[in-house]
Number of protein chains: 2
Amino acid sequence: MKNKEEFIEIQAVLDAFEIIGGKWKFPIIYSLCQSKKRYNELQTDLNGISPRSLANALKELEMNGLIKRDAFATVPVTVEYSLTKYGKELKPVLLSIQEWGKKHRKKIIDEIKNESKG
Amino acid sequence: MKNKEEFIEIQAVLDAFEIIGGKWKFPIIYSLCQSKKRYNELQTDLNGISPRSLANALKELEMNGLIKRDAFATVPVTVEYSLTKYGKELKPVLLSIQEWGKKHRKKIIDEIKNESKG
DNA sequence: CCGGATCCGCTTAGATACTG
DNA sequence: CAGTATCTAAGCGGATCCGG
């Protein structure tokens with residue numbers, strides 16, 4: 001580390017990961033970017049997340065003020081999760097990750113094609 | 001999930017996290033964004049990462065073509081890690097995370113101030 | 001039935017000590 | 001200096017169960 005400024009910069013990244021680290025936080029937020037979702041919709045979107053992990057992640061995200069949980073006393077219960085205004089500030093981050101993910105996917109596919117070509 | 005397109009989008013995020021998920025990958029890449037670094041410099045930058053976790057993360061990042069490892073037969077050995085061209089494509093992602101991290105830090109500090117004000 | 005909580009086992013991450 | 005070995009702690013997933 002060279003100086004105090006650089007320390008703060010990397011500390012910002014580390015801090016961000018205290019909140020949005022873990023395997024599922026980003027995908028959850030990404031899913032909620034599109035629209036508010038119910039518990040089961042999230043579970044489907046996230047393609048096989050366990051209920052335990054989903055519940056934990058949602059609780060932490062709510063504690064940190066990134067998402068909002070609304071429960072309606074219907075029968076059966078309806079619970080909706082949505083991004084808070086603060087959570088929406090993560091959108092640019094999400095979009096850049098997703099863009100990189102698409103590029104990466106393309107790269108992998110190209111590599112496989114080249115291998116089979118010989 | 002509503003349609004196939006949305007599935008691909010979220011899948012891109014999931015895929016990205018296969019590569020750059022985990023607690024330390026982003027901070028490592030962030031640190032290497034600035035300049036190439038030696039093993040111990042990274043350990044210092046990352047403020048307390050264990051050697052094991054650092055070694056593991058570096059190995060995975062190298063396997064995925066994001067970073068490059070150069071060893072020089074000096075005594076003692078010198079090893080330098082740097083971003084590959086492909087790894088550098090993550091810079092925009094890093095910058096947006098870091099920006100959010102700074103915002104978040106400011107928010108937390110403000111909240112603490114307001115609490116102590118009463 | 002929906003939204004979780006709980007129990008269990010496996011995999012990943014971390015602390016510390018030690019080595020080429 | 002740049003890691004590995006070992007042990008322990010935390011996180012994740014699967015199945016099952018419970019309250020409304």
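First the proteins, then the strands, lettered A, B, ... as listed; each starts at 1.
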- Rounded to the nearest Å, what distance is computed from the CG atom of residue L42(A) to the P atom of nucleotide dG4(C)? 10 Å

- Counting only side-chain N and O atoms of K23(A), is one of them less than 4.0 Å from OP1 or OP2 of dT12(C)? no

- Query: Considering only heavy atoms from C-beta outward, does the side chain of Y30(A) approach that of L14(B) to under 4.5 Å?
  - Reply: no

- Message: Against K102(B), only a single residue in R105(B), Q98(B), K106(B) fulfils side-chain contact (heavy atoms from CB on, under 4.5 Å); can you say which?
- Response: Q98(B)

- Query: Are any of the side-chain heavy atoms of I10(B) and L46(A) separated by less than 4.5 Å?
  - Reply: yes

- Task: Calculate the interatomic distance between L46(A) atom CG and dG14(D) atom P; express it in whole Å.
- Result: 13 Å

- Query: Should the pair Y86(B) and H104(A) be assigned to parallel (<30°), tilted (30 to 60°) or perpendicular (>60°) ring geometry?
  - Reply: parallel

- Residues two or more places apart in sequence or in another chain: which of them pass side chain to side chain contact (heavy atoms under 4.5 Å, CB included) with E18(A)? none

- Result for 5'-nearest mapping on DNA chain D, choosing between Y39(B) and E60(A), is Y39(B)

Show which side-chain atoms of residues 51-59 of chain B pair as donor or acceptor with protein atoms under 3.5 Å away, not counting sequence neighbours.
from	atom 1	to	atom 2	distance (Å)
S53(B)	OG	S50(B)	OG	2.9

Solution key, residues 65-82 of chain A side-chain donor-acceptor pairs under 3.5 Å, sequence neighbours excluded:
from	atom 1	to	atom 2	distance (Å)
K68(A)	NZ	D70(A)	OD2	2.9
R69(A)	NE	Y81(A)	OH	3.4
T74(A)	OG1	P76(A)	O	2.7
T74(A)	OG1	T78(A)	N	3.2
T74(A)	OG1	T78(A)	OG1	2.7

- Note on the structure: In whole angstroms, the gap separating P of dA15(C) from CG of N47(B) amounts to 11 Å

- Message: Going by salt bridge (Lys or Arg N to Asp or Glu O under 4.0 Å), name the residues that satisfy it together with K107(A), two or more places apart in sequence or in a different chain.
- Response: E111(A)

- Message: Does dA2(D) have OP1 or OP2 under 4.0 Å away from a side-chain N or O of R38(B)?
- Response: yes

- Task: Take atom CD1 of I49(B) and atom C1' of dT4(D), then tell me their distance rounded to the nearest Å.
- Result: 15 Å

- Query: Between I28(B) (CD1) and dA2(D) (P), how many Å, whole number?
  - Reply: 14 Å

- Hey, is the side chain of S50(A) poking within less than 4.0 Å of OP1 or OP2 on dC12(D), counting only N and O atoms? no

- Note on the structure: Here the distance between atom P of dA13(C) and atom CG of L54(B), to the nearest Å, is 13 Å

- Message: Rounded to whole Å, please give me the gap between CG in L14(B) and P in dC12(D).
- Response: 14 Å

- Does anything in residues 61-81 of chain B reach DNA chain C, meaning a heavy atom under 4.0 Å, and if so which residues? none

- Specify the separation, in whole Å, of atom CD of Q43(A) and atom C1' of dA15(D). 13 Å

- Task: Would you please confirm or rule out a distance under 4.0 Å between OP1 or OP2 of dG14(C) and any side-chain N or O of W24(B)?
- Result: yes

- Message: Quick one, W100(B) and D15(A) - any side-chain contact, counting heavy atoms below 4.5 Å?
- Response: no

- Counting side-chain heavy atoms from C-beta on, which of dT4(D), dC1(D), dG14(C) comes nearest to P51(B)? dT4(D)

- Message: Any N or O donor-acceptor pair under 3.5 Å from the base of dA5(D) to the side chain of R52(B)?
- Response: no

- Over its full length, what angle do the end axes of the helix from dC1(C)-dG20(D) to dG20(C)-dC1(D) make, each axis taken from five pairs and the result rounded to 10 degrees? 30°

- Is any side-chain N or O of S53(B) closer than 4.0 Å to OP1 or OP2 of dA13(C)? no

- Between dG14(C), dC2(C), dA2(D), which nucleotide has the shortest distance from any of its atoms to the side chain of N40(A)? dC2(C)

- Task: Taking only the side-chain nitrogens and oxygens of K59(B), find out if one of them lies under 4.0 Å from OP1 or OP2 of dT4(D).
- Result: yes

- Item | Side chains of L61(A) and L32(A) in contact at under 4.5 Å (non-hydrogen atoms) | no

